[in-house]
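A quick write-up on the structure given underneath.
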Protein chains: 2
Amino acid sequence: MLKLPDMECCACGNLRKTTRVITQFYDRHLQPTGLRTTQCVLLRNISLHRNIAVGELAAMLLMDQSTVTRNIEILNKHGYIKIVPENQDARKKSISITMNGEKKLEEAIPLWEEAQRKIEQVLGKQFDGFLETLATINKISE
Amino acid sequence: MLKLPDMECCACGNLRKTTRVITQFYDRHLQPTGLRTTQCVLLRNISLHRNIAVGELAAMLLMDQSTVTRNIEILNKHGYIKIVPENQDARKKSISITMNGEKKLEEAIPLWEEAQRKIEQVLGKQFDGFLETLATINKISE
DNA sequence: ATTTATTATATGTATATACATATAATAAAT
DNA sequence: ATTTATTATATGTATATACATATAATAAAT
């Protein structure tokens, strides 16, 4: 048996682990709204960019195009967004938030703020550097 | 329309985003082995703790018990681990790595090290603090 | 010893994720 | 104008994830 590293320091393993923890934390806060954090973030991005396309959301969230397609189906099913073919280019979808979607966001945001506040408090002055490090890692996708 | 935060600073959203990026990065490195990073980390933990139970792995990885059950099925299907009922307590499973599993790990670890080395290089002196911050966040699950 | 409570894992269900490939539409080349 | 290439999204497939609940086994209470 060779001596292998224990992988305790695995950047990917540790990121995945913490993502599991924090997702449960945020999702529990959002639970009264029925929105998951992923859906809330996606919906907020749609609300900020009217008539956005699937690929644009994918680029913004560093998410595969097919994942965006699947995830917006859920928001659409609940009537939070409207998906229509774009005028100029019929290959593209034009995605917009609906009235219901805005109401749901307004309901979710204060709960999100509560979770966010608690995390920022726990991290204290580590928080800004943390977001910067995440952004540094994101660059490997370029 | 009320003024809502843009959620750019969402700790959960940013962690999920970076986890998508880094998982693709590590998984591409491991691709020749057919192992995903999650599987590799899980397998390494099993190899380090013979006759471990589902719940013990879950506690270690901060992963739901049901997720561990599902994830070890995949390793089992490939013959990398052996799952038998425990002697003392038949409710528990006794999970161990197989010869094939060890061979697969020995094949995967150098590729993992390559990915890990690149990330550590990109982060430089930020790396240690980064792991510490992740550990700080993990405490919210206690 | 029998009933009751607890614990460990499994199963049903829904979402999140990406890759490979298909399809449909536009753009480029001739 | 027609063919060819490119681009945008969708679909098939596999994995990763958690919650609620079921099941089976052990432990505790009587």
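From a predicted model like this one, the values you see are computed outputs, not experimental measurements. No hydrogens, no waters, no symmetry mates; every other heavy atom, side chains included, goes into these values. Each chain gets a letter, A, B and so on, in the order the sequences are listed, and its residues count up from 1.
Between A:R44 and A:E106, no side-chain nitrogen of the basic residue sits less than 4.0 Å from a carboxylate oxygen of the acidic one, so the salt-bridge criterion is not met. Using a cut-off of 4.0 Å between Lys/Arg side-chain N and Asp/Glu carboxylate O, B:K82 and B:E102 are scored as not salt-bridged. Salt bridge B:K104/B:E107: present, at least one basic N to carboxylate O contact under 4.0 Å. By the 4.0 Å N-to-carboxylate-O rule, B:R117 lies too far from B:E120 to be salt-bridged with it.
Atom CD of B:Q24 and atom P of C:dA20 are 11 Å apart (whole Å). Distance, A:L57 CG to D:dA8 C1': 13 Å, rounded to whole Å. When the C1' atom of C:dA8 is taken as reference, atom CD1 of B:I52 falls 14 Å away, rounded to whole Å. Rounded to whole Å, the distance from CD on B:Q39 to C1' on D:dT17 is 14 Å. Atom CG of A:D27 and atom P of C:dT15 are 12 Å apart (whole Å). Rounded to whole Å, the distance from CG on B:L35 to C1' on D:dA16 is 15 Å. If you take CG of A:D64 and P of D:dT9, they are 12 Å apart, rounded to a whole angstrom. The CD atom of A:E86 sits 12 Å away from the C1' atom of C:dT26 (whole-angstrom rounding).
For the residue pair B:R16 / A:T38, a side-chain donor-acceptor distance below 3.5 Å is found, with atom types taken as modelled.
Looking at which nucleotide of DNA chain D each of A:R16 and A:R28 is closest to, the 5′-most match is held by A:R16. Toward the 5′ end of DNA chain C lies the nearest nucleotide of B:G55, the other residue of the pair A:T37 and B:G55 mapping further downstream.
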Review point. Under the salt bridge (charged side-chain N to carboxylate O under 4.0 Å, His left out) criterion, do B:R28 and B:E114 qualify, and how do the steps go?
Key: CA-CA 11 Å; B:R28 250 196 303 275; B:E114 173 90 0; over 6 Å; no
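Using a 4.0 Å cut-off, no side-chain N or O of A:Q65 falls inside it from OP1 or OP2 of D:dT7. The side chain of B:Q31 contributes no N or O atom lying less than 4.0 Å from OP1 or OP2 of C:dC19. Phosphate contact (OP1/OP2 of D:dT15, side-chain N/O of B:R36, threshold under 4.0 Å): absent. In terms of phosphate contacts, B:T67 brings no side-chain nitrogen or oxygen within less than 4.0 Å of OP1 or OP2 of D:dA16.
Scanning residues 69-76 of chain A for heavy-atom distances under 4.0 Å to DNA chain C yields A:R70, A:N71, A:I74. Within residues 87-96 of chain B, the residues having any heavy atom under 4.0 Å from DNA chain C are, by residue number, B:R91, B:K92, B:K93.
Proximity note for A:T38 (side chain, C-beta onward) versus D:dA10, D:dT11, C:dT17: the nearest is C:dT17.
Within 4.0 Å of A:K77, counting heavy atoms only, lie sugar-phosphate atoms of the nucleic acid but no base atom.
In terms of heavy atoms, B:G13 sits closest to A:V41 at CA-CG2, 4.3 Å. Across all their heavy atoms, B:I119 and A:A11 have their closest contact at CG2-CB, 3.9 Å.
Using a distance-only test at 3.5 Å, with no hydrogens or angles considered, no donor-acceptor pair links the side chain of B:N100 to the main chain of B:Y80. In this structure, A:Q116 contributes its side chain and B:C9 its backbone to a donor-acceptor pair below 3.5 Å. Judged by distance alone, with hydrogens and angles left aside, the side-chain atoms of A:T18 form a donor-acceptor pair with the main-chain N or O of A:N14 at under 3.5 Å. Checking side-chain atoms of A:Q24 against main-chain N and O of A:V21 turns up no donor-acceptor pair under 3.5 Å.
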Check your understanding: Pairs counted as Watson-Crick or G-U wobble with both distances under 3.5 Å: what dot-bracket string results for DNA chain C, using | for bases tied to another strand?
Key -> ||||||||||||||||||||||||||||||
